[in-house]
K.L.:
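One structure is given below, represented as structure tokens, and several questions about it will come after.
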Amino acid sequence: MANTATKVENTIEAKLRALYDLQKIDSQIDKIKQVRGELPLEVQDLEDELEGLQTRLSKLKEEVKELEKGISDRKQGKEEAKNLIKKYEEQQANVRNNREYDALSKEIEFQNLEIQLCDKRIKEFQASIKVKDEQIKGTDDKFNDRKNDLDIKKKELEEIVAETQKEENDLQERADKDRATVDGRLLSAYERIRGNARNGLAVVNVERDSCGGCFSKIPPQRQMDIKSHKKVIVCESCGRILVDFEVMNILPERPKMRSGATRVEDAGDDE
């Protein structure tokens, strides 16, 4: 029975040690990414903005095409109206009575109104095209400015990435190996906590009786549970996984003796 208990304890300790090692690697990767600062986000924002501007340009150009087609249709309508007027005027010369003459006159009047309406629409479409052309020019200028900004940001980012890529790849490879050794449920919890933590710390040590993540006080009994390695203990305040110095392979520093202090054993020897 004792052997079984020891095996479980060793398993828990091994899991905690693997998690802590993974946390150290992930933190190193986080630091590398911090060196890049906001550049990746800025690049992404510029790419999104360029995509939006490109969509706007395409839409404006399509609208101009529609307006130009409208102008062409109205010009064709004018020509048809002029031909009809000419036809009706020729027919007026051969009418047999006033009623036919008046009917043709109304048709001619109607076609003249059609011509006026076509002219009005053509002017409106031309004015709209002028506005659209100005919008296209402004959008195109903005697109080129943002494109230049993006090229500069990308180059800057590529230079930084080139300096750190090998180190990041090596760390990522180690992190992937460590992830493969961690229990699935525990790894899921680790990833979830990391995602919610602002500093990316999911596994922290207990230092000066406090959580290394949120600095809340850890009760003595809970510290004993952490040191026993019998189960995974999380901070009641922030939910981070807590480990002790043994899991970290670090010996806690002994408190320094005050100057002039005498150990009890020494004092007894003197007697």
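Scope of the values below: all heavy atoms of this structure, side chains included, with no hydrogens, waters or symmetry mates.
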K.L.:
May I have the step-by-step check of side-chain contact (heavy atoms from CB on, under 4.5 Å) for Lys230 and Asp225, ending in yes or no?
P.N.:
CA-CA 7 Å; Lys230 290 181 179 179; Asp225 292 339; over 6 Å; no
K.L.:
Take Asp133 and Leu60 through the test side-chain contact (heavy atoms from CB on, under 4.5 Å) and record every step on the way to the result.
P.N.:
CA-CA 8 Å; Asp133 285 341; Leu60 285 169; over 6 Å; no
K.L.:
Is it the case that the side chains of Ser27 and Gln23 hold a donor-acceptor pair, with the cut-off being a distance below 3.5 Å and no angle test?
P.N.:
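Yes, because at least one side-chain N or O of Gln23 sits under 3.5 Å from a partner of the opposite role on Ser27.
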K.L.:
Quick one: do Leu84 and Val95 end up in the same hydrophobic cluster if we chain Ile, Leu, Val, Met, Phe, Trp and Tyr together by side-chain heavy atoms under 4.5 Å apart?
P.N.:
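They do share one cluster, since a chain of ILVMFWY contacts under 4.5 Å joins Leu84 to Val95.
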K.L.:
So do Val206 and Cys211 actually touch side chain to side chain, heavy atoms under 4.5 Å?
P.N.:
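No; the side chains remain at least 4.5 Å from each other.
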K.L.:
Charged N to carboxylate O under 4.0 angstrom, Lys69 versus Asp73?
P.N.:
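Counted as a salt bridge, because a side-chain N and a carboxylate O are separated by less than 4.0 Å.
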K.L.:
Could you state the interatomic distance from NZ (Lys82) to CD1 (Ile115), rounded to the nearest 0.5 Å?
P.N.:
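These two atoms lie 6.0 Å from each other.
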K.L.:
Is there a side-chain contact between Glu13 and Leu16, using heavy atoms and a 4.5 Å cut-off?
P.N.:
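Sidechains of Leu16 and Glu13: no contact.
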K.L.:
Rounded to the nearest 0.5 Å, how far does OG1 of Thr139 lie from CD of Gln54?
P.N.:
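So the CD of Gln54 and the OG1 of Thr139 are separated by 10.5 Å.
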K.L.:
Is Asp151 salt-bridged to Lys147, going by a charged N under 4.0 Å from an acidic O?
P.N.:
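Salt bridge between Asp151 and Lys147, a charged N being under 4.0 Å from a carboxylate O: yes.
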K.L.:
I'd like to know if Asp141 and Lys137 make a salt bridge, using a cut-off of under 4.0 Å between side-chain N and carboxylate O.
P.N.:
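Salt bridge between Asp141 and Lys137, a charged N being under 4.0 Å from a carboxylate O: yes.
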K.L.:
Would Asn169 and Gln165 count as having a side-chain donor-acceptor pair, cut-off 3.5 Å?
P.N.:
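Checked: Asn169/Gln165 side chains pair up, N/O donor to acceptor below 3.5 Å.
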K.L.:
Salt-bridge test for Lys78 and Asp119: reply yes if a basic N is under 4.0 Å from a carboxylate O, no otherwise.
P.N.:
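Looking at Lys78 and Asp119, the cut-off is met.
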K.L.:
Looking only at the side chains, is there a donor atom on one of Gln172 and Asp176 sitting less than 3.5 Å from an acceptor on the other?
P.N.:
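Yes, side-chain donor-acceptor contact under 3.5 Å.
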K.L.:
For Tyr190 and Arg179, run side-chain contact (heavy atoms from CB on, under 4.5 Å): C-alpha distance rounded to whole Å, both residues' side-chain angles, the deciding distance at 0.1 Å, then the answer.
P.N.:
CA-CA 10 Å; Tyr190 167 80; Arg179 276 179 169 81; 4.2 Å; yes
K.L.:
Start with the C-alpha gap between Val234 and Arg240, add the side-chain angles, then the distance that decides, and say whether side-chain contact (heavy atoms from CB on, under 4.5 Å) holds.
P.N.:
CA-CA 5 Å; Val234 298; Arg240 289 179 172 90; over 6 Å; no
K.L.:
Look up atom SG in Cys235 and atom CZ in Arg222, then write down how far apart they are to the nearest 0.5 Å.
P.N.:
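These two atoms lie 8.0 Å from each other.
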K.L.:
How long is the gap from OG on Ser105 to CD on Glu89, to the nearest 0.5 Å?
P.N.:
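Here the interatomic distance stands at 9.5 Å.
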K.L.:
At their closest point, which heavy atom of Asn199 faces which heavy atom of Asp30, and how far apart are they?
P.N.:
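Of all heavy-atom pairs spanning Asn199 and Asp30, the closest is O-OD2, 4.4 Å.
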K.L.:
Do you know the tightest heavy-atom contact between Ser210 and Lys217?
P.N.:
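Looking at all heavy atoms of both residues, the shortest contact is OG-CD, 3.6 Å.
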K.L.:
Tell me, do Arg56 and Gln135 make a side-chain contact under 4.5 Å, heavy atoms counted?
P.N.:
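Counting from C-beta outward, Arg56 and Gln135 do come under 4.5 Å.
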K.L.:
Salt-bridge test for Arg96 and Glu100: reply yes if a basic N is under 4.0 Å from a carboxylate O, no otherwise.
P.N.:
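Here Arg96 pairs with Glu100 in a salt bridge, since their nearest N and O are under 4.0 Å apart.
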K.L.:
Check for me, please, whether Val182 and Ile12 land in the same ILVMFWY cluster - side-chain distances under 4.5 Å, paths through other members count.
P.N.:
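In one cluster: yes.
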K.L.:
Near Glu47 CD, under 6.0 Å, is it more than 12 heavy atoms from other residues, nucleotides or ligands?
P.N.:
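Atom CD in Glu47 is packed in, count exceeds 12.
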K.L.:
Cut-off 3.5 Å, side chains only: do Gln44 and Asp48 have a donor facing an acceptor?
P.N.:
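Short answer, yes.
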K.L.:
In plain terms, say whether Asp170 and Arg174 are close enough for a salt bridge, that is, a side-chain N and a carboxylate O under 4.0 Å apart.
P.N.:
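Answer for the salt bridge query: no.
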K.L.:
Please check if Leu19 and Ile193 belong to a single hydrophobic cluster, counting links between Ile, Leu, Val, Met, Phe, Trp and Tyr side chain heavy atoms closer than 4.5 Å.
P.N.:
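They do share one cluster, since a chain of ILVMFWY contacts under 4.5 Å joins Leu19 to Ile193.
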K.L.:
Test your reading of the model: is there a side-chain donor-acceptor pair from Asp140 to the backbone of Ile136, 3.5 Å cut-off?
P.N.:
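No, Asp140 side chain to Ile136 backbone: no donor-acceptor pair under 3.5 Å.
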K.L.:
Is there a side-chain contact between Tyr88 and Gln92 in this structure, where contact means two heavy atoms from C-beta onward sitting under 4.5 Å apart?
P.N.:
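The answer is no; the side chains never approach within 4.5 Å.
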K.L.:
As an exercise, state the distance from CG of Asp26 to NZ of Lys33, rounded to the nearest 0.5 Å.
P.N.:
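So the CG of Asp26 and the NZ of Lys33 are separated by 8.5 Å.
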K.L.:
Applying the side-chain contact (heavy atoms from CB on, under 4.5 Å) test to Ile85, which of Glu109, Gln111, Glu90 qualifies?
P.N.:
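Only one of Glu109, Gln111, Glu90 forms a side-chain contact (heavy atoms from CB on, under 4.5 Å) with Ile85, namely Gln111.
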K.L.:
Test of understanding: clusters of I, L, V, M, F, W, Y form through side-chain heavy atoms closer than 4.5 Å, transitively. Do Phe143 and Leu150 belong to the same one?
P.N.:
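Shared cluster, yes.
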K.L.:
Report yes if some heavy atom in the side chain of Lys155 is under 4.5 Å from a heavy atom in the side chain of Glu159; otherwise report no.
P.N.:
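Touching, per the 4.5 Å side-chain cut-off.
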K.L.:
Between Glu62 and Lys59, does any side-chain N to carboxylate O distance fall below 4.0 Å?
P.N.:
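Here Glu62 does not pair with Lys59 in a salt bridge, since their nearest N and O are not under 4.0 Å apart.
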K.L.:
Under 4.5 Å between side-chain heavy atoms, counting indirect links through other Ile/Leu/Val/Met/Phe/Trp/Tyr residues: same cluster for Leu187 and Ile29 or not?
P.N.:
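No, Leu187 does not connect to Ile29 through the hydrophobic network.
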K.L.:
Any chance you could measure Ser228, atom OG, to Gln223, atom CD, to the nearest 0.5 Å?
P.N.:
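Rounded to the nearest 0.5 Å, the OG-CD separation comes to 12.0 Å.
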K.L.:
Would you say Thr55's side chain and Glu51's backbone share a donor-acceptor pair under 3.5 angstrom?
P.N.:
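Side chain of Thr55 to backbone of Glu51: a pair is present.
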K.L.:
Taking the side chain as C-beta and beyond, is there a heavy-atom pair between Lys61 and Lys65 under 4.5 Å?
P.N.:
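No, side chains not in contact.
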K.L.:
Between Leu171 and Ile32, is there a side-chain heavy-atom distance shorter than 4.5 Å?
P.N.:
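Side-chain contact under 4.5 Å: yes.
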K.L.:
Report, as yes or no, whether the 6.0 Å neighbourhood of atom CG on Asn98 holds more than 12 heavy atoms from other residues, nucleotides or ligands.
P.N.:
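Atom CG in Asn98 is not crowded, with 12 or fewer foreign heavy atoms closer than 6.0 Å.
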K.L.:
Do the non-hydrogen side-chain atoms of Glu246 and His229 ever get within less than 4.5 Å of each other?
P.N.:
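Sidechains of His229 and Glu246: in contact.
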K.L.:
Let me know which of Val232, Leu201, Ile226, Val204 forms a side-chain contact (heavy atoms from CB on, under 4.5 Å) with Ile241.
P.N.:
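Among the candidates, only Val232 passes.
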